[in-house]
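Before anything else, here's the structure in question.
Any value given below was found using the heavy atoms of this structure, including those in side chains, with hydrogens, waters and symmetry copies removed. All of these numbers come straight from a predicted model, not from anything done at the bench.
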Amino acid sequence: MQSSDATPLSDGDEQLLAALLDGMEAGLCAFDRDGVVTHWNSEAARILGWSADEAVGRYGFAGWAARRADAEEVLALLLGVMDGPGRQVHEFALLTKDGRRVLVRTQSAAVHGADGHPAGVYCAFSEVHAQIDLERSIALSEALFDDTSSGVVLIDADLRPAVVNVYAAKVLHSSRDALLGRPLGELLDQGAEELESALQHVLAEGAPPAPSELWVSLRDDTSGKRYCWRSGFVRLGSPLGEEPVPLGVGWLFHDVTEAKLAEQEASQLRFRSNQLHRAALAAAEFEEPMEAATCFLDFALAGFAEHALLDVLGDGGRLVRAAATPAGASGPVLPLAGAIPVRYGEGHPALQAVERPGSVRASFGASAAADPAAAGRIDEWAAARRWPPGTVHGLCAVLRSRGRTLGVVTFLRGAGRRPFERADAAFAEDVAARVAVALDLTGRLG
């Protein structure tokens with residue numbers, strides 16, 4: 001749309017302008033000062049069904065693209081923009097070529113000639129539902145990154161965070177800006193490789209069919225605590241190409257550590273209770289009480305420890321080894337012949353358990369045991385306590401029956417397991433109570 005004294009466009013400029021207008025994702029029409037349609041692009045033709053040949057040259061929308069009752073008001077709104085600054089936004093109904101009414105949202109602005117005076121109006125429009133879908137998508141995106149109670153991280157194609165929401169920054173113990181562009185290996189200690197593998201799979205193959213649970217630990221967290229994040233992934237592709245180009249991955253996760261730990265504790269408790277029940281049924285079939293005592297230890301070892309030692313109080317109040325798992329094997333617990341006292345040093349956990357009486361835990365240290373150079377020091381630590389080589393964690397529980405201390409049972413774990421915890425001590429004390437009853441029966445029968 002040009003004024004009479006404007007410089008005319010060349011053929012190449014006209015072709016470029018036509019290509020730009022037809023390539024727009026919104027319908028576009030233009031009117032001169034008198035309200036006659038001068039431009040009509042292909043998106044406008046798609047939305048309303050009227051071709052450019054049918055639209056250009058018509059006065060307003062009356063009788064073809066709008067109802068006559070609405071046409072004058074619509075044209076007045078559009079041409080009125082020439083009397084004010086900036087753009088104006090309106091919503092009104094237009095008619096398609098087959099007679100359907102379509103609610104559109106328009107942005108219109110004045111077109112000025114070379115003399116600076118309004119020469120007409122251009123109007124860009126789209127169907128309201130499409131605009132609402134876009135606004136909803138934008139609103140959803142903003143809500144996810146501000147108000148949601150789940151972690152949302154956009155990972156770029158180089159597997160580095162590009163956008164991080166408030167919840168994710170809190171879970172990762174950092175600020176949102178500090179996380180951007182950092183390799184995942186700098187943020188996570190354990191679990192970084194699993195997460196990167198999942199992201200690579202999503203970029204290459206698409207999102208997995210179901211959420212996955214990742215156990216991770218944070219590199220900056222000195223406590224070494226492990227977290228369980230239930231994670232879902234969405235591949236992000238550009239809609240502008242003929243084939244979607246991967247832009248990265250949307251990683252959505254929620255911290256379910258407390259729920260998973262509670263679930264694991266419940267499963268562990270059920271298993272241990274079942275083991276004690278089975279042990280009681282099996283022990284009832286033994287004629288020898290010592291065999292019943294070792295039966296309880298055999299069932300207790302499953303999923304609990306690698307080794308078990310049974311020491312009873314002999315003459316003079318010294319502990320004598322009565323049964324143990326064989327050296328270099330994790331079971332079964334076998335009675336030992338003879339009555340040679342065990343040479344425990346002062347302050348040994350077994351002696352402390354007898355003095356309390358109760359249970360005592362000892363550990364070389366999980367972090368220290370992870371050092372490959374610590375194997376020799378671990379064996380020295382275990383040998384000083386008269387425990388098998390490779391022992392890293394020990395738990396001693398006193399044997400009590402009828403108000404008397406009968407001995408100590410010791411459970412041992414290697415470097416591949418966690419230190420004994422309070423729940424483990426409770427289970428060991430439960431086992432020790434049953435073993436003590438069997439040992440007491442041995443003395444009464446004797």
task: Check whether the side chains of Ser267 and Arg270 place a donor and an acceptor atom closer than 3.5 Å, and report yes or no.
output: yes
- prompt: Should the heavy atoms of other residues, nucleotides or ligands under 6.0 Å from CD of Gln264 be counted, would the total exceed 12?
  reply: yes
query: Partners of Arg226 by side chain to side chain donor-acceptor pair (under 3.5 Å), sequence neighbours excluded?
result: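 Only Gln190 meet the side chain to side chain donor-acceptor pair (under 3.5 Å) criterion with Arg226.
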task: Starting at CG of Leu188, measure out to CG of Leu172 and round the result to the nearest 0.5 Å.
output: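 Taking CG in Leu188 and CG in Leu172, the distance rounds to 6.5 Å.
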field: Qualifying residues under side chain to side chain donor-acceptor pair (under 3.5 Å), relative to Lys97, sequence neighbours excluded
entry: Glu54
message: Is the positively charged end of Arg272 above the ring of Phe427, judged by distance under 6.0 angstrom from the centroid and angle within 45° of the axis?
response: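 Checked: cation-pi criterion met.
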- request: Give every residue pair that meets the ring-ring contact (aromatic ring centres under 6.0 Å, His included) criterion with at least one member in residues 152-191, sequence neighbours excluded.
  value: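 Sorted result for residues 152-191: Tyr167-His254.
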- request: Return the set of residues passing side chain to side chain donor-acceptor pair (under 3.5 Å) with Trp251 (not counting sequence neighbours), or none when no residue passes.
  value: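 Residues passing side chain to side chain donor-acceptor pair (under 3.5 Å) with Trp251: Ser231.
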Ion pair check, Asp440 and Arg404, cut-off under 4.0 Å: yes
task: Check the pair Asp255 / Lys170 against salt bridge (Lys or Arg N to Asp or Glu O under 4.0 Å), numbers first and verdict last.
output: CA-CA 11 Å; Asp255 189 353; Lys170 180 180 178 181; over 6 Å; no
field: For His90, side chain to side chain donor-acceptor pair (under 3.5 Å) partners two or more places apart
entry: Gln88
query: Thinking salt bridges, do Asp221 and Lys225 make one under a 4.0 Å N-O criterion?
result: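 Answer for the salt bridge query: no.
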field: Pairing residues for Val202 by the side-chain contact (heavy atoms from CB on, under 4.5 Å) criterion, not counting sequence neighbours
entry: Pro208, Phe233, Arg235, Val249
